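Position 1 is the first residue of the sequence, and the numbers go up from there. The structure displayed is predicted, hence computed values, not measured ones.
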Amino acid sequence: MTQQVQGRAALGIARRVAGHLARGVIMIWVVATISFVVIRMIPGDPVMGQYESLIQKGMSPEQAERATAVLYGFLPTGSLWEQYLGYLGSLLRFDLGRSLSTPGVEVTTLIGSAARWTVLPVLAGTLLSFLLGIVLGVYAAIKRSGKLGDLLALSGSLLHGVPVYVIGLLLTAIFATLWPILPSGGPVDVEYEPGFNLPYLASLLHHAVLPVATYTLASYGGWILAMKSNVVTVLGDDFILAAELRGMKRGIVFRYIARNAILPLFTILALSLGTLFGGSVFIEKIFNYPGLGLLLVGSIGARDYALMGGAFLMITIGIVVANIVADLLYTVIDPRVRSGEST
């Protein structure tokens, strides 16, 4: 009997994951199609403009066609359907074309190089703010009638309403100008040789303090307010009242409260991680971090359509993966989902 229940649960999880994968593939296809249409519908048709420019420079039509296909990932001639099929074929080969603003460099190379400067600071800041908001949110709910609980809730409300770039500028003014103990820009000091060595790693961490602190403070307010609201709701549930009447230890009751209140926030957490690939434009500009946000802004200014399309596609893939991770986390945490929800 136990094996049958476990089998049904495993089958339910497999179906959920398969459904998410199918929807994710459709979402990626839709975004890729929109990117193709946008490039083709921009006034002046940059693809055909590049093709004609190469012919004017002395290339034969065949050479200009191949060169333009390398830049944009699809042939500039033929019917729109043939160009679209060529574009999808390039995506299946992970060929996003080459950058116009950085001649000769593939878009995948630029995105891969920039992603690390976005992923690590935003990931660290998001997880820190989540943990901090969860712990303090539970305490603020339990002690909501006291001064400390009110102070924690007030701190969340204030920080939740401050734009992320304002927090970044304030931290820079305080810790890099008025009290200069932290660097104000750049990912690392240039005098250190890149590699797995202590001076270089220490410089990376030193430069990452302000960006990570900015992301943490910017997200902290939302987490603590959401967690406090969820905990207050859970405190009124029958199973909590029954546990207290039975004389259950306070620590066990606290774990029940936290576990049930945190469930809705895991989906939000994973989705917030999914947007980290493109949601750091202002912070990377303030701290001169060469990440995806700064790369996307530069591609828009340079009208680098291949790089823009690749960056948007990467953001979409990140969100799709985050949705799948959120569903799996919810399945692990909530036993009702593990049982297949069929009971």
Side-chain angles (χ1 to χ4, degrees), residues 5 9 12-13 16-17 19-20 23 122-164 167 215-276 279 319 321-343:
V5 173
I13 294 173
R16 291 169 66 88
V17 174
H20 276 284
R23 288 190 293 270
V122 180
L123 181 62
T126 302
L127 293 179
L128 283 174
S129 65
F130 179 74
L131 295 175
L132 190 64
I134 292 303
V135 174
L136 296 181
V138 173
Y139 191 84
I142 294 176
K143 302 293 184 180
R144 60 187 181 279
S145 58
K147 292 183 178 180
L148 184 56
D150 291 339
L151 184 62
L152 289 173
L154 179 61
S155 69
S157 299
L158 290 176
L159 287 174
H160 187 57
V162 179
V164 62
I167 296 176
Y215 290 122
T216 302
L217 293 176
S219 303
Y220 157 79
W223 293 126
I224 189 173
L225 294 176
M227 190 62 181
K228 179 188 176 182
S229 176
N230 290 349
V231 170
V232 170
T233 301
V234 173
L235 284 173
D237 288 346
D238 293 338
F239 76 95
I240 296 296
L241 299 176
E244 292 178 342
L245 290 175
R246 291 173 186 168
M248 190 173 292
K249 293 181 179 179
R250 190 69 178 176
I252 299 177
V253 176
F254 179 83
R255 287 200 296 270
Y256 277 134
I257 294 172
R259 186 168 184 174
N260 282 272
I262 202 175
L263 286 175
L265 300 185
F266 268 96
T267 302
I268 303 174
L269 172 64
L271 292 177
S272 66
L273 293 177
T275 60
L276 63 87
I319 295 175
V321 172
N323 272 281
I324 297 175
V325 171
D327 189 72
L328 292 178
L329 283 175
Y330 207 92
T331 302
V332 170
I333 296 170
D334 194 342
R336 294 168 298 182
V337 179
R338 282 203 302 272
S339 64
E341 297 180 335
S342 59
T343 58

Closest contact, heavy atoms only, I167 versus A218: CD1-CA, 3.7 Å

message: Is it the case that the side chain of S155 and the backbone of L152 share a donor-acceptor pair, with hydrogens and angles ignored and the cut-off at 3.5 Å?
response: yes

message: What I'd like to find out is whether the side chain of L132 reaches to under 4.5 Å of the side chain of W223, using heavy atoms alone.
response: no

- prompt: Ignoring hydrogens and geometry, is there a side-chain-to-backbone donor-acceptor pair from S129 to T126 under 3.5 Å?
  reply: yes

Which atom of A141 lies closest to which atom of V231, heavy atoms considered: CB-CG1, 3.4 Å

- request: Over all heavy atoms of both residues, which pair between A140 and G149 is shortest? Give the atoms and the distance, please.
  value: CB-O, 4.0 Å

- line: For L265 and A226, the nearest pair of non-hydrogen atoms, with its separation, is CD2-CB, 3.6 Å

task: State, to 0.1 Å, how close L217 and L159 come at their nearest heavy-atom pair, and which atoms those are.
output: O-CB, 3.9 Å

message: Distance check, rounded to the nearest 0.5 Å: Y220 atom OH versus L128 atom CG?
response: 13.5 Å

- prompt: Is there a donor-acceptor pair under 3.5 Å between the side chain of S157 and the backbone N or O of A153?
  reply: yes

- prompt: What distance do M227 atom CE and Y139 atom OH have between them, rounded to the nearest 0.5 Å?
  reply: 15.5 Å

